Amino acid sequence: MDTYVPVLILGLIAGGFAVFSVIMGAMTGPKRYNRAKYDSYECGIEPTPQPVGGGRFPVKYYLTAMLFIVFDIEIVFLYPWAVAFDSLGWFGLAEMFLFILTVFVAYAYVWRRGGLEWD
Amino acid sequence: MSILAASSTTATFVAPHVEFGKLSPMLIAFGTATLGILVEAFAPRKQRYGIQVGLALVGIAASFAAVLALAGTTASVVAQGSVAVDGTTLFLQGTILVISFVAFLVIAERKTDQNQDAFAAQGASVPGSAAERETTRRGWQTTEVYPLLMFSVGGMLLFPAANDLLTMFVALEALSLPLYLVCGLARHRRLLSQEAALKYFLLGAFSSAFFLYGAAMLYGYAGSVNLAVIAQHVAHPTAGSTLLYTGVALLGMGLLFKVGAAPFHMWTPDVYQGAPTPVTGFMAAATKIAAFGALVRVLDVGLGVNSAENVWRPVMQAVAIITMIVGGVLALTQRDIKRMLAYSAILNAGYLLIGVTSTTAQARAAVLFYLPVYGVAIIGAFAVVTLVRDAGGEATDLSRWAGLGRRAPIPAALLAVFLLAFAGIPFTSIFIGKFAIFQAALAAGSPDLVIVAVLASALAAFFYLRVVVVMFFSDPLPQGPTIAHPSIAVKTALAVAAFATVALGVAPSLLLHLANNSAGILAK
Amino acid sequence: MTPSYAPVAATGTFALTAWVILLPLAGAAILLIGGRRTNRWGHLLGCAAAIGSFVLGAVLFFALLAKPGAQRSYDQHVYTWIPVPGFTADVGFHLDQLSIVFVLLITGVGSLIHIYSVAYMEHDENRRKFFCYLNLFLAAMLVLVLADNYLLLYAGWEGVGLASYLLIGFWQHKPSAAVAAKKAFIVNRVGDVGLSIAVMLMYTTFGSFAFGPVLNGASSAKVGTMTAIGLLLLLGACGKSAQFPLQSWLLDAMEGPTPVSALIHAATMVTAGVYLIVRSNAIFDVSPNARLVVTIIGAITLMFGAIIGCAKDDIKKALAGSTMSQIGYMILAAGLGPIGYVFAIMHLITHGFFKAGLFLGAGSVMHGMNDDVNMRHYGALRKFMPWTYVTFGLGYLAIIGVPPFSGYWSKDKIIEAAFAQGGTSGWILGCAALLGALVTAFYMTRVVLMTFFGQKRWVPDAEGHEPHPHESPWIMVVPMVVLAVGSVAAGFLFSYHNAFVNWLSPVTGFSEGHSPINTAVLQVVTLVVVALGIGYAYLGYGLQQAPSTPPLGSFATRAARQDLYGDAFNELVFMRGGQYLTRVLVYFDMKGVDGVVNGVSAGLGGSSGRLRKLQSGFVRSYALSMFGGATLLIVALLLVRG
């Protein structure tokens, strides 16, 4: 159980910071409401209007999200390899090269077949 | 050891030893699939079909050559204990590859349907939309099917070889995910096909979750996902067995789903009906082989200890009985030939489960014999179904098949051969297969199972022969379906399947001996 | 001398045994797979396969002849069909004096009939298919007689059944032919069930299908079991050899092309029952009761067939009745045990010659008469078809048993053996056989008189073509001549120095019968009886013209015309019951094909329907059932664990 105590402490600190920040923000910040502030939060772009009857979500978003996940996962694997790079030696390098290569095969497919074109 | 100090342990990391030679059949299959993606990316649209088909067939042949090269080598557990390469593995891999080769010939067929294959011009286009018409007019094709199916073949090769539960899970997903996709790509009746794909995907994901949960429980029980380690813990228990058997049940459910055993069979008829027919044939044959291989390995290697066998055997026998009853009885009322064959597949899964639950080497050999002969026959049967066509695709309703024997004697006769084999008529391969399984079950002391199986066979003979009767003894319909003239590849596939079905019924001893020799060797 | 079954492995020349079968099998396969491409030369290939097989048979025969009597038994193991632990089924062939005799008969007569058919079927667009079936038949029949175990014998048995079905129904466009084919198939099934149960019983009793363990073990097995096996074998023989009560299909089988009638339904296939009984002699030797039943069945059938033969106006059906009757003789002889086995086979061979010759003659007549089969429309044909007349006439003299023609040698021996059985049963069987000889003489004389003598009673056929009888082409005449030579000489050759008895007795055993009547007296009586039959027929059909339309006839004639109400009996007992059953089945079948319900029984159909409701098509309910199933699995495993 001892091994988990530092994790627990870290979690408590993180949670405490979050709560502290929200409360402090509400208490100290000025309150000026306008339309943009009432909108739901989206990164950068204006939210598109909700189509009639629920509608379909354009598949472009889905594709982009999927691509993002693929590369995200690639990073997840790259990170521990980078940490243990020295001890893994040539074997690790070769394996990681193969791994990246296969991911790039998929990338090449998406790129050539127009998956990266927004319109 | 503190988790914060974990980074320091990597200093002692030892690079795993991977026996690439022993893994070569799978590596070739996956490599071919990856190459196929590059072909999709860079080859001009017009040439893709030819390159993809050729590549896939060469890949399968090369992989088969690798299996042959490995045949006879000593059984061993490779890749740090995660893959077992032994007689059983190699036999099943060889079988899967042969079956896949035949199946790919049928899948690649373009002559039966106005120079188009069985797949939608563009999977993403909405059925009935302008985009669909446009892509069809331009003659586009979803040639991604071939690399996808090659990935599936790779997964199938790994599935029966997997010696730990995580590898098995990866193999399970590798074989399933491409199939979910391909199921939804039928050119005709696209909504039915997409519905089938979605059902298959949802239920497959559901069962995968169970599998994973079961694997987790077994890890909790044994502290390892390796089958040999689990077997040690089962033999010398250090803790209560609740976790073990709960895990076995969940894991078993995941595997029984794949083999199509009741009560986890319900996806089978819907998916078999909706999927493009050549793919249905491939799934019915190859998936079944791979899944039974995995089931045999889990049960015989991981749980092959007497104390455990005594627990799971009666339960699996009950599953076998329910499966046979459900398959046999429900097939009676089917009037769509693909659904009928789906229920027949469930019934056959029941027979195979009899062999699996008997756990003797003799029974395992019988299962090994049964899988290829059944696989070849079912691919042939579905291949014949692709030839009988209406304006809207294949005419799968049985009433449309009336009098087919007179209008198209050769396809009808071929189908009759396969159906008679399913019905277990002597001098067909499946008769020998059934005989071997029943004999093994009797020797293992379960006559009750054999009795149910024989009754189910009698029942099954009825619905198989009914198709024969409809084809040969009814008057042809005035506006009957058209009979497509297939290419030489499909003709070859059909001829090979029919020949194997008869030849292995007349002279089965070669394959029986091979199965016997292979079944005796199970790396532990 | 008592028979023993102790074959040695076939080597050298004897290793050719399998090729005897493979040749016609390959012929059939090539013609089947080759399809229309082989149309042009298919018939020649068929003939070549048959003749090649005959040549091989002859080589084997002479090789056997060169060996001393006790060393004429060879086994050729080809491969193990099912090598599952605890159960083996082999494919192997057994060559001995008995099987080689059959091989020569089958391939010899078979070759002649192949040649004959080249001309007979010349204008049939499916001639290639016909030869394919004929070759298939030869192969199956050879498997039947060469098998070294009962399972393989059964396979050949079914094979000839299939070939017979295909050939009877060869002219499918005629509804009568299709129905006849179906009838033959169904009636044969009854017999086949008997044989299959007998084979299973053998396996449970002796632990093997092979002739060796079964035949050598029979003498030490339980008599009751042997009787059961014997009776079941007899049931099988009754089906295939058209013996009472399974005789009804043979007359209808005449719907097939005439060469088929000659080869399958006269000379070879229908005698398979006799082969079966003689081959299983060790089993019958143990069980006198089984033998008694065999003789009774034989005696009944020989009368039955002869009576039917008297009343038929259709030349082929008259000959078919005769076939039934002659096989009755053989079965009777086979039932007599060691005093009769040899003569059963001897009569089988001579019958093969003269009956095949008679059928080919009938075919030749039909060929000249616009395919009319009604003898009342024949007459005076001897001037127009001299070759047919002479060969048919020689066959006629052989079948009624006029010395020195071959029927005389073989049939007389059976009559003697029947009397030699001794006791009351001997007298009854002997008298039945004698009576049969009388009736045979009558109906065969009737056939000859109505066909070849008297005045022309020719009538135009349905399209108004007047018949122009002419001699058939030489390719049809030659086989008839060869068979006629056999009809004349075979009996004498076989009896010369007891050649045939000496040849077969190592296999079947032989004991000299002791007839209560002096042999010479019996021969004279037999000849007198035959003369009576001829005379009576001459009074009826020689001195007066047979009317073109059949007279009403007496009760007995009418009964005989109706095959002695065999069909009526079948109809009443089996068909009505069967019809109700089939009607029920058809009802379900229609429903099934039309898409509502079907099933062997409403119960199964109903439960299937109910179960099907679970298959709702909704993923949620599937997932729920999977979840339920997984729960059940957990509960079951934990419960079993205890």
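Chain letters run A, B, ... following the sequence lines, proteins first, then strands; residues in each count from 1. Note that the structure is predicted; figures quoted are calculated from it, not measured.
In terms of heavy-atom pairs under 4.5 angstrom with chain C, the leader among B/W401, B/Y245, B/F257 is B/Y245. Taking B/A365, B/A507, B/A402, B/P314 one by one and counting their heavy-atom pairs under 4.5 Å with chain C, the maximum is reached by B/A507. Put simply, of C/G628, C/A623, C/A155, the one with the most heavy-atom pairs under 4.5 Å next to chain B is C/A623.
Separation of atoms CD (C/E158) and CZ (B/F427) is listed at 9.5 Å; rounding is to 0.5 Å. Within the model, atoms CG of B/L510 and OH of C/Y79 stand 10.5 Å from one another, a figure rounded to the nearest 0.5 Å.
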Quick one: do C/R641 and B/T242 satisfy side chain to side chain contact (heavy atoms under 4.5 Å, CB included)? Show the steps, please. CA-CA 9 Å; C/R641 179 195 60 160; B/T242 308; 3.1 Å; yes
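At a 4.5 Å heavy-atom cutoff, the contact between C/S625 and chain B is made by backbone and side-chain atoms alike. With a 4.5 Å cut-off on non-hydrogen atoms, B/R400 does not touch chain C at all. Looking at C/Y622, both its backbone and its side chain come within 4.5 Å of chain B, counting heavy atoms on both sides. For chain C, no part of B/D336 is nearby; none of its heavy atoms comes within less than 4.5 Å. Proximity to chain C (any heavy atom under 4.5 Å) is restricted, for B/Y343, to the side chain, taken from C-beta onward. Within the 4.5 angstrom heavy-atom criterion, only side-chain atoms of B/V319, from C-beta onward, approach chain C. With a threshold of 4.5 angstrom between heavy atoms, B/F431 approaches chain C through side-chain atoms but not through N, CA, C or O. Neither the backbone nor the side chain of B/S307 comes within contact range of chain C; no heavy atom of the residue lies under 4.5 Å from a heavy atom of that chain. Using a 4.5 Å cut-off between heavy atoms, B/I322 does not touch chain C at all. In this structure, chain C has no heavy atom under 4.5 Å from any part of B/A443. For B/F435, the part lying near chain C is the side chain, with the backbone staying farther off; criterion is any non-hydrogen pair under 4.5 Å. In this structure, the portions of B/P508 lying under 4.5 Å from any heavy atom of chain C include both its backbone and its side chain. If you measure heavy-atom distances from B/L203 to chain C, the contacts under 4.5 Å come from both the backbone and the side chain.
In this structure, the side chains of C/M626 and B/P263 stay at 4.5 Å or more apart for every pair of heavy atoms. In this structure the side chain of C/W81 never reaches within 4.5 angstrom of the side chain of B/S509, judged on heavy atoms. With a 4.5 Å cut-off on side-chain heavy atoms, C/L633 and B/W312 do not count as touching. Using a 4.5 Å cut-off on side-chain heavy atoms (C-beta onward), B/M253 and C/I634 make no contact.
Within a 6.0 Å sphere centred on CH2 of C/W171, other residues, nucleotides and ligands contribute more than 12 heavy atoms. In B/K491, the NZ atom is crowded: over 12 heavy atoms of neighbouring residues, nucleotides or ligands sit closer than 6.0 Å. Counting non-hydrogen atoms of neighbouring residues, nucleotides and ligands closer than 6.0 angstrom, the NZ atom of B/K199 exceeds 12 such neighbours. Atom CD1 of B/I410 is surrounded by 12 or fewer heavy atoms from other residues, nucleotides or ligands within 6.0 Å. Open room surrounds OH on B/Y213; 12 or fewer heavy atoms of other groups in view lie less than 6.0 Å from it.
Scanning all heavy atoms of the two residues, the minimum distance from B/V311 to C/V640 falls at O-CG1, 3.4 Å.
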